[in-house]
Each structure stands twice: as C-alpha cells, then as structure tokens.
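Below is one structure, written out as structure tokens; comments come after it.
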Amino acid sequence: MQYTSTRDSSVRFTASQAITQGLSADGGLLTPYYIPKLPGNALDELKDMPYQARAVYVMKQFLEEFTVKELTDFAAAAYGPEKFDTPAVAPVHTLNESTHCLELWHGPTCAFKDMALQMLPHLLTASLTKTEEFRTVCILVATSGDTGKGALEGFKDVKGTRILVFYPKDGVSAVQELQMVTQEGDNVGVASVIGNFDDAQTGVKRLFSDEALREELDKRGFFFSSANSINWGRVLPQIVYYVSAYCDLLRDEKIQPGQAINVCVPTGNFGNILAAYYAREMGVPIDKLICASNSNNVLTDFIRTGVYDRNRQFYNTESPSMDILISSNLERLLLTLTQDVDEVKGYMQQLNATGRYQVSDKVKEKLQQRFFGYCCDDGETEKVIGRIYAKDRYLVDPHTAVAFSALEQYRAETGDETPCVVVSTASPFKFCGSVLSALGEKNIASGLDVLDQLSEKTGLPAPAPLAGLRGKEIRFTTTVEKAHMVDAVLSMLE
Ligand SMILES: *Cc1c(COP(=O)(O)O)cnc(C)c1O
C-alpha cells in the first residue's frame with residue numbers, strides 16, 4: 001500500500017514514511033492511494049474478537065510493512081486494561097432500537113483523542129526504526145486542552161520519544177491545567193505560555209522553523225515532530241472503532257448482517273468523521289454520515305451549499321474541541337470526491353488566499369449523497385443533555401449532545417429511521433459545569449469539587465483519571481514568555 005499527497009499525485013510514500021513525515025512537502029496530506037476492501041467474511045469473523053484484535057486486523061490492511069506481531073504488541077499496549085477502564089475499549093451503549101452511542105472516552109484522558117493518541121506513539125517509533133531514523137523524536141504540541149493531555153498520556157515513557165507540551169496560561173480550564181501539570185512519565189515536559197492559544201501555537205510553529213534550534217537539537221541527538229490530527233497515524237486507528245461498533249451491533253443481534261447503519265459525529269477538524277467515511281469505503285455498511293457542528297458551523301454550510309467560508313465570527317462554545325473554522329482533514333475527503341489533486345490544490349490555495357472556496361456541482365452532489373450537516377448552539381446543547389438524561393437516564397457531554405441534536409434534526413427532516421451510531425467523544429465528567437447547568441443546577445462548585453457534585457446528582461462515579469487528580473503532585477510550574485520558548489525547550493532536553 002502506497003501513500004500519496006492530496007496535492008501532488010507523483011508523491012509516493014510507504015506507510016512508515018507517511019507517518020514519520022506527517023505532512024507532505026507540498027503542504028498536502030499524506031493519504032493512501034486507495035482504501036482497501038475488507039474480505040467478504042471479515043465483519044462476521046471480527047464480531048467475536050476483542051477490540052485489540054479488531055484493531056490489528058483493520059490496521060494491517062493499510063500497513064503492509066508492519067507485521068501482525070508488531071501490531072498485536074501495539075494494540076495490547078495502547079488499548080490494554082492499564083489504559084482503558086473497560087475491556088470493550090470502545091463500547092456501544094444502546095438507547096433504543098435505532099439509536100446507539102459509541103463511547104470513545106474510556107481511555108486515560110477521558111476523551112476520544114486517546115483512541116488515536118494511544119496508538120500513534122507505537123506506530124511512530126516503529127516507523128522511525130523502519131526509516132532508519134535513530135535520533136530521539138521530540139514531539140512538540142501547542143494545545144488548547146484535550147490534545148496536549150492526550151499526547152502526554154500517549155507518549156509517556158514510550159522509548160525513543162520525548163514530548164513537550166505548551167498550553168496558554170489563560171486558555172485552558174482548571175481541570176485541564178491540573179491534568180497536564182501533574183503528568184507522570186520520565187520523558188515529558190509541560191510549560192505554560194503567557195497569552196492565549198494563538199500565542200502558544202505561533203510560538204510552537206516558530207520553534208519548528210528555528211534552524212539554529214534544529215542544529216542544536218541534532219547535536220544532542222533529537223529532532224522535532226508533531227502529533228497533530230492530520231498525521232495518518234492518527235486517522236488510521238480511528239477507522240477501527242467504526243468497524244468495531246458495527247461488529248458489536250452484529251454480535252449483539254441489534255442489526256442483521258449487511259444491514260445499513262448511519263453514523264452521527266460531533267466534528268471539528270473532520271478527522272473522526274473522515275475515519276467513518278473510510279470505514280464505509282472498506283465495506284462497513286454505513287449509509288449516511290451526519291456531521292454535527294456547534295455555532296462554528298462552517299461545515300454545516302459547506303455540506304448544504306458547497307461553499308466553504310471561514311470568514312465568519314468565531315465562537316467560544318461549551319463544546320470547545322469543536323471550536324474550529326478550518327477543518328484540515330476535509331482535504332482528504334475532497335481528494336476522494338474529486339479524484340483530482342489539481343482541483344484539491346486549487347481549493348486549498350483559495351482557502352489560504354481568501355478563506356473561501358466553492359466546490360464544483362459534481363463534487364457537491366457527491367458530497368450530499370453521503371453527508372448531512374446540522375448544527376446547534378450552546379442553549380440547545382444544554383437542553384439536549386437535559387432531555388436525554390430525563391428520557392433515557394443517559395448522561396452525555398456537550399460535544400456528544402451536539403451530535404444528538406444533529407440526529408434529531410436529521411430524523412425530523414428526512415424521516416429516516418435507519419439505526420444510527422452516535423459518536424460520544426468525551427466523558428460528561430470532563431465538562432461538569434455545562435452538564436450540571438444542563439441538569440438544572442444553579443450553584444456550581446469550584447475546582448475539582450464539581451466532580452463530586454455531578455456524581456451526587458447522577459449517582460455515577462467520576463472516571464478514575466479525573467477523580468485521581470486530587471492527590472497528584474504538581475510536577476510542572478514553568479511559565480514562559482512566548483519569546484523564551486526556545487530556552488524552555490533546551491532546558492527540557494538537556
Ligand atoms: C477533538 C474532538 C472533537 C472533534 O473531532 P475531529 O476529529 O477534530 O473532528 C470532538 N469532540 C471532542 C471531545 C474532541 O476532543
């Protein structure tokens with residue numbers, strides 16, 4: 001299996017090169033030439049296997065250079081009982097005959113980023129060996145919250161790696177900050193940057209392009225890489241849980257072999273829903289893909305009109321991981337729909353230059369055959385949390401609630417009652433404030449006390465990784481000016 005760039009079809013990479021490199025030199029995304037089809041009996045075989053074995057099977061289709069033994073070791077390390085609080089790893093919770101919720105937050109940081117970031121370090125370190133890179137990879141991350149902690153947990157104590165995370169001093173929640181500054185592991189570093197997320201991100205970009213720093217690191221036996229969501233090593237592990245969800249529904253006789261399902265995905269950078277699309281291409285009977293957005297509804301408009309336009313107001317919402325105006329992974333879908341790198345390149349150039357592009361009628365038509373877009377604001381998000389809790393005694397976080405709202409809207413508009421898998425991307429305990437307020441609570445406790453408050457209100461225990469923050473030692477207290485991030489890097493890599 002070869003990989004190519006979404007902007008240049010002459011690019012040819014192996015899987016390990018694609019994972020090592022992250023991004024193509026032309027700015028495009030490295031993507032498989034074609035999506036392999038699952039053998040006819042695969043779903044039937046996979047349905048009786050545990051999640052880890054399903055992961056090996058699905059990933060192997062894309063990773064010829066990796067042996068089954070290697071992938072089996074990776075899956076055991078990434079999705080084992082020390083990391084996930086349920087042997088199912090990504091369990092499906094059924095609300096009613098036609099509505100199922102795929103819970104992707106049973107990992108160490110209680111958000112769906114774990115599904116990919118637990119696997120990526122293994123794929124990356126093995127890829128480095130295969131491409132004969134023997135320096136230590138230093139992963140640099142600027143984070144507005146979830147990704148930083150997910151990457152820290154994923155790379156923690158992985159041999160041959162270091163990970164340094166910069167978060168904005170004024171841009172993460174108290175719980176998120178505590179999650180990062182108490183991070184364990186011998187190869188991790190965390191510092192806050194004075195300013196907001198943009199300051200941290202610009203600072204990290206500058207580190208990546210600092211030639212002098214690069215040379216100094218090389219002398220010390222290090223080189224920089226990133227773990228962001230356009231790396232193929234993050235998209236691939238996400239295909240697995242769609243295959244797995246279908247297998248669970250089959251195994252539990254909630255659907256018949258071959259029966260179509262829809263999926264509904266709370267979307268930001270378009271990585272998660274893209275993985276669903278690839279699962280469909282592999283042969284999982286997925287019919288419609290419902291793309292759910294919050295008030296930052298650039299994708300809703302795109303799916304409905306064929307016009308992508310980021311020139312609009314940015315909203316900070318209660319589903320912050322979806323507060324995104326440029327959904328980078330959409331570029332991979334555009335390649336599939338157009339089959340034309342020059343067309344994709346043209347759209348991306350327009351996006352860079354003007355913040356806007358309009359796809360051809362042909363592409364729009366293809367898009368609308370599969371994708372439906374809906375959005376809702378914070379008010380509706382809270383109402384949905386309240387409604388689902390009242391009706392089904394099921395507690396969802398604000399991101400997941402946006403998806404449930406989209407599904408309600410889709411069903412009302414189309415009358416389509418095909419069984420739907422709604423993807424749940426975070427534990428409600430990660431967003432206690434919004435969830436408590438949605439349940440009618442007026443006086444919301446401060447700090448970590450919100451965990452107890454939500455537990456008492458619902459009778460549900462807080463996930464261990466969040467409850468356990470209380471007794472944890474604070475290991476990182478460095479705060480730097482944006483201009484001094486270089487010094488922070490050098491001192492962390494001594
Ligand atoms: C990252 C994230 C999303 C968005 O996923 P994309 O793959 O970027 O579309 C949704 N919900 C949560 C909780 C997330 O952390």
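Atoms within a ligand are numbered from 1 in the order they appear, just like the ligands themselves.
Between Phe112 and Tyr241, the angle of the ring planes goes over 60°, which puts this pair in the perpendicular group of the 30/60° scheme.
The salt bridge (charged side-chain N to carboxylate O under 4.0 Å, His left out) search around Arg54 returns Asp248, not counting sequence neighbours. Partners of Gln313 according to the side chain to side chain donor-acceptor pair (under 3.5 Å) rule, which considers only residues two or more places apart in sequence or in another chain, do not exist here. In terms of the side-chain contact (heavy atoms from CB on, under 4.5 Å) criterion, residue partners of Ser319 (sequence neighbours excluded) are, by chain and number, Asn294, Thr317, Met322, Pro398, His399, Val402.
For a heavy-atom separation below 4.0 Å, the residues in contact with ligand 1 are Phe112, Lys113, Asp146, Pro266, Thr267, Gly268, Asn269, Phe270, Gly271, Asn272, Ser321, Met322, His399, Thr425, Ala426.
Checking each of Trp232, Phe62, Tyr242 against Tyr278 for a ring-ring contact (aromatic ring centres under 6.0 Å, His included) leaves exactly one that passes, namely Trp232.
Cation-pi geometry between Arg387 and Tyr389 is not satisfied (NZ or CZ under 6.0 Å from the ring centre, within 45° of the ring normal).
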